[in-house]
Amino acid sequence: MTKIQPVILSGGSGSRLWPLSREHYPKQLLALVSENSLLQDTVIRLKQGEDSDLTVKSPLLVCNEEHRFLVAEQLRQIQTPASNIILESIGRNTAPALTLAALAISQKGNDDVMLVMPADHVIRDVDAFNTAVAHGAQLASDGAMVTFGIVPSHAETGYGYIKSGATQDNDRSYIVEKFVEKPDTKTAEAYLASGDYFWNSGIFMMKASVWLKAMQCFRPDINDVCRASFDKGKQDHDFFRADSDVFNACPSDSIDYAVMEKATLAEEFPLAVIPIDVGWSDVGAWSSLWEVSERNEEGNVIKGDVATKDTKNSLLISEHRLLASVGIEDMIVVETADAVMVAHKSRAQEVKSIVEGLKASNRGEYQTHRRVYRPWGSYESIDHGERFQVKRIIVSPGASLSLQMHHHRAEHWIVVQGTARVTCGDEEFLLSENQSTYIPLGTKHRLVNPGSFDLELIEVQSGSYLGEDDIVRFDDVYGRAN
């Protein structure tokens, strides 16, 4: 019986889906096409596809350290074990991430077939996908590296392509002749007309040992750094943390560039492509989300509080306010609490340049939403001035903030829902709805929700500096103490 170890790579930032996607809350964590996030749908897809001839293990995830608690919480919400999460201190693209995953599998004495998937893709036809996975598992268990080529529906310039060679195993797969870059329109039309090219899905299957052998052959520099960072890594609660000092020096490269393109020229690494037509999208831009979403009779995708008149073939998303449109066509309008983005659908890829500009200007909107998630809950900035800031804080049931103090600010807390257990200096006491307390500057304090539903409070900060880095942690259940 073939054992499949799903490896989900959750390191992307999704900058082309700004302002919904932010660096600290990227697109794989967003519910864009269903009630679940893209990450959750990726995991659920595997559960739906369990086959009698295959053993599908609990997924192994690789993600950025900044997202670790968000990823773990989303797994918990869909009743999936969160004990196999490898943390990268910094993004180094997909080849190092997959190498860390393969090393984790090998360390346990296993050589399972890895099913490598990005966390932020959409697949509509789950049954057809899992049939293809079962076929891929057969090829991979025999030592092949397998990729899945999307049968193209049009001449797309936003995807890389795979050129197929000779057919094999009763015409169910092809030898990969070469990988090609994103083409211009004329080249994409030629690819489509030839029938020999597929979109590169970024989904792969191979044994862990085969991947490690290929990395040693083609990118020994990356392989050596990953092994050293893995060997020096440490388990941290439900996470495995690769050594940051070593991993930060790792070269950045993708699975395609590091191995797959080179493997097409190396006989010792057989490479196969399985064509699939499964309603796939990488949701790489707002135009892609429009294509895979349910549209009304005017061709519009509408989410939130939206009013339209003479509006066609547009994507309109409102998170906080009424969004109204008149006389527009082929447009994208996305409203969040702190930003509004308007673009023509044909230029959706260029949203990334806006994010790059925000980052260069040191604008916080590229990185976080107004509502910021933490392992204990969330906070949202309501108002701020030169020497004050007002936040809405929500603490999950049973959760606890760290025992901490601030050098530059004092805080007032007003409970509006639930019960708070407060530590302030040497005192510990309970606060109920409509009660408040004051935390003087420089005083050790902690906030705990001892109840069974959310604790909500308003925090008023005042002082000479109100940045989030003015926190000294003395004790923390999430391992964040200074």
Side-chain angles (χ1 to χ4, degrees), residues 9 12 16 93-95 98 115-118 120-126 128-140 144-206 210-211 214 218 253-267 269-285 287-292 345-346 348-349:
L9 305 180
R16 290 180 179 87
N93 216 318
T94 53
L98 180 53
L115 171 59
V116 185
M117 298 177 295
D120 55 1
H121 288 188
V122 170
I123 291 178
R124 293 294 194 185
D125 192 339
V126 173
F129 174 71
N130 284 294
T131 297
V133 166
H135 178 201
Q138 297 174 7
L139 299 177
M145 290 194 292
V146 180
T147 185
F148 296 86
I150 306 301
V151 177
S153 57
H154 58 278
E156 174 61 53
T157 60
Y159 299 143
Y161 283 69
I162 301 169
K163 184 179 183 184
S164 60
T167 61
Q168 56 185 7
D169 65 300
N170 297 320
D171 296 337
R172 294 193 299 165
S173 68
Y174 298 82
I175 295 173
V176 174
E177 186 170 314
K178 65 178 179 178
F179 289 81
V180 294
E181 295 296 318
K182 298 175 182 178
D184 58 27
T185 301
K186 185 177 180 180
T187 304
E189 290 172 349
Y191 288 169
L192 183 66
S194 74
D196 296 330
Y197 290 82
F198 304 105
W199 293 339
N200 184 356
S201 69
I203 303 172
F204 304 94
M205 295 187 80
M206 76 286 286
V210 171
W211 175 257
F218 300 124
D253 208 350
S254 68
I255 291 170
D256 300 71
Y257 286 142
V259 168
M260 295 299 166
E261 290 187 1
K262 299 178 177 69
T264 59
L265 304 174
E267 292 183 0
F269 294 102
L271 186 56
V273 56
I274 297 175
I276 56 175
D277 187 2
V278 294
W280 170 91
S281 172
D282 69 348
V283 200
S287 53
S288 300
L289 181 62
W290 177 83
E291 290 171 357
V292 299
K345 212 161 57 181
S346 65
Q349 295 283 346

Could you measure the distance from the [atom1] atom of [X] to the [atom2] atom of [Y]? Nearest 0.5 Å is fine.
{"X": "D253", "Y": "T94", "atom1": "CG", "atom2": "OG1", "value": "7.5 Å"}
{"X": "I123", "Y": "F129", "atom1": "CD1", "atom2": "CZ", "value": "4.0 Å"}
{"X": "R172", "Y": "I274", "atom1": "CZ", "atom2": "CD1", "value": "8.0 Å"}
{"X": "S288", "Y": "K345", "atom1": "OG", "atom2": "NZ", "value": "11.0 Å"}
{"X": "L271", "Y": "M260", "atom1": "CG", "atom2": "CE", "value": "6.0 Å"}
{"X": "I150", "Y": "E156", "atom1": "CD1", "atom2": "CD", "value": "12.5 Å"}

Stepwise side chain to side chain contact (heavy atoms under 4.5 Å, CB included) check, V180 with T187:
CA-CA 11 Å; V180 294; T187 304; over 6 Å; no
Between S173 and H135, is a side chain to side chain contact (heavy atoms under 4.5 Å, CB included) present by the stated rule, with each step listed?
CA-CA 9 Å; S173 68; H135 178 201; 4.1 Å; yes
Check [X] against [Y] and note the closest heavy-atom contact, atom names and distance.
{"X": "V259", "Y": "A214", "answer": "CG1-CB, 3.8 Å"}
{"X": "V151", "Y": "P275", "answer": "CG2-CB, 4.2 Å"}
{"X": "V210", "Y": "F269", "answer": "O-CE2, 4.1 Å"}
{"X": "W211", "Y": "A95", "answer": "CZ2-O, 4.0 Å"}
{"X": "S281", "Y": "Y159", "answer": "OG-OH, 4.2 Å"}
{"X": "Y174", "Y": "G165", "answer": "CD2-O, 3.4 Å"}

Sub-4.5 Å side-chain heavy-atom contact between [X] and [Y]:
{"X": "V176", "Y": "I162", "value": "yes"}
{"X": "T157", "Y": "K182", "value": "no"}
{"X": "V273", "Y": "K163", "value": "no"}

Run the numbers on M205 and L139 for side chain to side chain contact (heavy atoms under 4.5 Å, CB included), then give the verdict.
CA-CA 9 Å; M205 295 187 80; L139 299 177; over 6 Å; no
Determine whether a donor-acceptor pair (N or O, by modelled atom type, separation under 3.5 Å) exists between the side chain of D282 and the backbone of G284.
yes
Could you go through residues 195-202 and list every donor-acceptor pair under 3.5 Å that involves a side-chain atom there, pairing it with any protein atom two or more places apart or in another chain?
| from | atom 1 | to | atom 2 | distance (Å) |
| --- | --- | --- | --- | --- |
| W199 | NE1 | Y161 | OH | 3.2 |
| N200 | OD1 | G202 | N | 3.1 |
| N200 | ND2 | D256 | OD2 | 2.5 |
| S201 | OG | F148 | O | 2.6 |
| S201 | OG | I203 | N | 3.1 |

